[in-house]
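First the proteins, then the strands, lettered A, B, ... as listed; each starts at 1.
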Amino acid sequence: MPAKRRRVQAQEEEETDEKEASGMKNENDLVSSKYFQSKKMRLLSDFYNKPCIDLAKSFLGQILVRRLPDGTELRGRIVETESYLGGEDEASHSRGGKRTERNVAMYMKPGTIYVYQIYGMYFCMNVSSQGDGAAVLLRSIEPIEGLDTMRKFRNVKRNVQKPLKDKELCNGPSKLCQAFAIEKSLDRQDLANDQSTWLEAGPEILEEDIVSCARIGISAGEWTHKPLRFYIKNNKFVSVRNKAAETSANT
DNA sequence: CATCTGATGTGCT
DNA sequence: GCACATCAGATGA
């Protein structure tokens with residue numbers, strides 16, 4: 001029966017829709033959901049101690065929490081991740097076992113946050129997993145709590161006032177960093193112990209609701225097309241959907 | 001919808 | 001010097 005229940009949940013996601021002009025619609029839906037009626041449980045060290053691909057899939061559905069200095073808490077459900085496997089993976093910062101000042105967090109214990117800057121102006125957030133130099137990139141989050149603050153952060157960073165739809169707040173690795181105020185200072189912090197940033201257990205995602213496909217923005221020979229990107233099927237907050245992978249996946 | 005382009009600056013060869 | 005795990009705006013179909 002859990003399978004049936006989760007199917008229903010997947011359908012509900014399709015219905016949370018274009019009424020985002022009103023702003024708070026989505027937030028109300030999720031706040032009243034089963035997750036928010038239950039205890040918010042922080043994920044502990046053991047959770048992160050698994051192989052990179054397993055961790056990337058396990059992240060789907062979990063809740064990222066950011067506690068700001070003023071006490072505001074931001075919450076969102078992880079809906080899209082990518083695996084970077086380590087030495088063998090030609091697309092990884094740790095390819096060939098390379099260690100630099102920038103990427104040391106990739107070699108730290110599973111659950112360690114790796115934040116790096118890209119294109120001079122953006123950040124990306126990863127979490128190290130089991131395996132030497134292996135880490136998971138967070139690519140998209142479904143915002144749950146603190147949407148107004150997220151919108152403010154995103155507008156400040158973009159230096160424009162154009163109103164953002166809910167789905168535009170965190171649907172990309174650097175967008176979610178802006179929305180959650182994730183910066184270089186979080187690099188090498190431990191997601192299992194940090195006071196400002198952690199993960200809480202969210203509703204479990206069924207394997208059949210996970211789409212696996214090629215990573216985004218990669219051109220590294222045979223590693224370009226390996227299915228190392230994972231996202232929740234039919235979720236509106238994913239950055240880039242892969243229709244071919246969705247239809248071939250299953251019924 | 002798809003494809004292109006400029007912004008921007010750090011890390012690494 | 002140049003590549004870069006990106007984003008936003010513009011353009012054409």
Calculate the interatomic distance between [X] atom [atom1] and [N] atom [atom2]; express it in whole Å.
| X | N | atom1 | atom2 | answer |
| --- | --- | --- | --- | --- |
| A:L169 | C:dC7 | CG | C1' | 14 Å |
| A:L164 | C:dG9 | CG | P | 9 Å |
| A:L138 | C:dA5 | CG | P | 16 Å |
| A:R215 | C:dA5 | CZ | C1' | 8 Å |
| A:F123 | B:dG11 | CZ | C1' | 14 Å |
| A:E183 | B:dT10 | CD | C1' | 16 Å |
| A:M121 | B:dG11 | CE | P | 16 Å |
| A:I218 | C:dT6 | CD1 | P | 7 Å |

Does the structure show A:Y84 stacking with C:dA5, if we require the centres to be closer than 5.5 Å and the planes to be within less than 30 degrees of parallel?
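Answer is yes, a stack.
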Options [options], nucleotide nearest the side-chain atoms of [X]:
| X | options | result |
| --- | --- | --- |
| A:Y122 | B:dT8, C:dC7, C:dA5 | C:dC7 |
| A:S174 | C:dC7, B:dT10, C:dA5 | C:dC7 |
| A:L137 | C:dA5, C:dC7, B:dT8 | C:dA5 |

Measure distances between side-chain N and O atoms of A:Y119 and base N and O atoms of B:dA7, and say whether any donor-acceptor pair falls under 3.5 Å.
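Counting by modelled atom types and ignoring angles, no donor-acceptor contact under 3.5 Å is found here.
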So, are A:R215 and A:D89 salt-bridged, with charged N and O less than 4.0 Å apart?
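Result for this pair is yes, salt bridge flagged.
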Please work out if A:Q117 contacts a base, only the sugar-phosphate, or nothing of the nucleic acid, heavy-atom cut-off 4.0 Å.
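Touches sugar-phosphate only.
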Phosphate contact ([N] OP1 or OP2) by [X] side-chain N/O below 4.0 Å:
| X | N | result |
| --- | --- | --- |
| A:R154 | C:dA8 | yes |
| A:T100 | B:dG11 | no |
| A:K184 | B:dT10 | no |
| A:R102 | B:dC12 | yes |
| A:R229 | C:dA5 | no |
| A:K98 | B:dT13 | yes |

Kindly state whether the ring of A:Y116 and the ring of A:H93 have centres lying under 6.0 angstrom apart.
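Centroid distance A:Y116-A:H93: below 6.0 Å, so yes.
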Report yes if some heavy atom in the side chain of A:L176 is under 4.5 Å from a heavy atom in the side chain of A:L169; otherwise report no.
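A side-chain contact under 4.5 Å is absent here.
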With a 3.5 Å limit on both atom pairs, tell me what B:dC1 is paired to, counting Watson-Crick and G-U wobble, or say none.
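Because both required distances fall under 3.5 Å, B:dC1 counts as paired with C:dG12.
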I need the single residue from A:K40, A:R75, A:Q62, A:R42 that forms a side-chain hydrogen bond (donor to acceptor under 3.5 Å, both in side chains) with A:E200. Which is it?
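That would be A:R75; it is the only one of A:K40, A:R75, A:Q62, A:R42 passing the side-chain hydrogen bond (donor to acceptor under 3.5 Å, both in side chains) with A:E200.
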Answer yes if A:L68 and A:L147 sit in the same cluster of Ile, Leu, Val, Met, Phe, Trp and Tyr residues linked by side chain heavy atoms under 4.5 Å apart, and no otherwise.
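A:L68 and A:L147: one cluster.
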Between A:H93 and A:K175, name the one whose nearest nucleotide on DNA chain C is closer to the 5' end.
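Its nearest nucleotide lies further toward 5', so the answer is A:H93.
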Given 3.5 Å as the limit, does a donor-acceptor pair link the side chain of A:N103 with the main chain of A:M106, or not?
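Not a single qualifying donor-acceptor pair exists.
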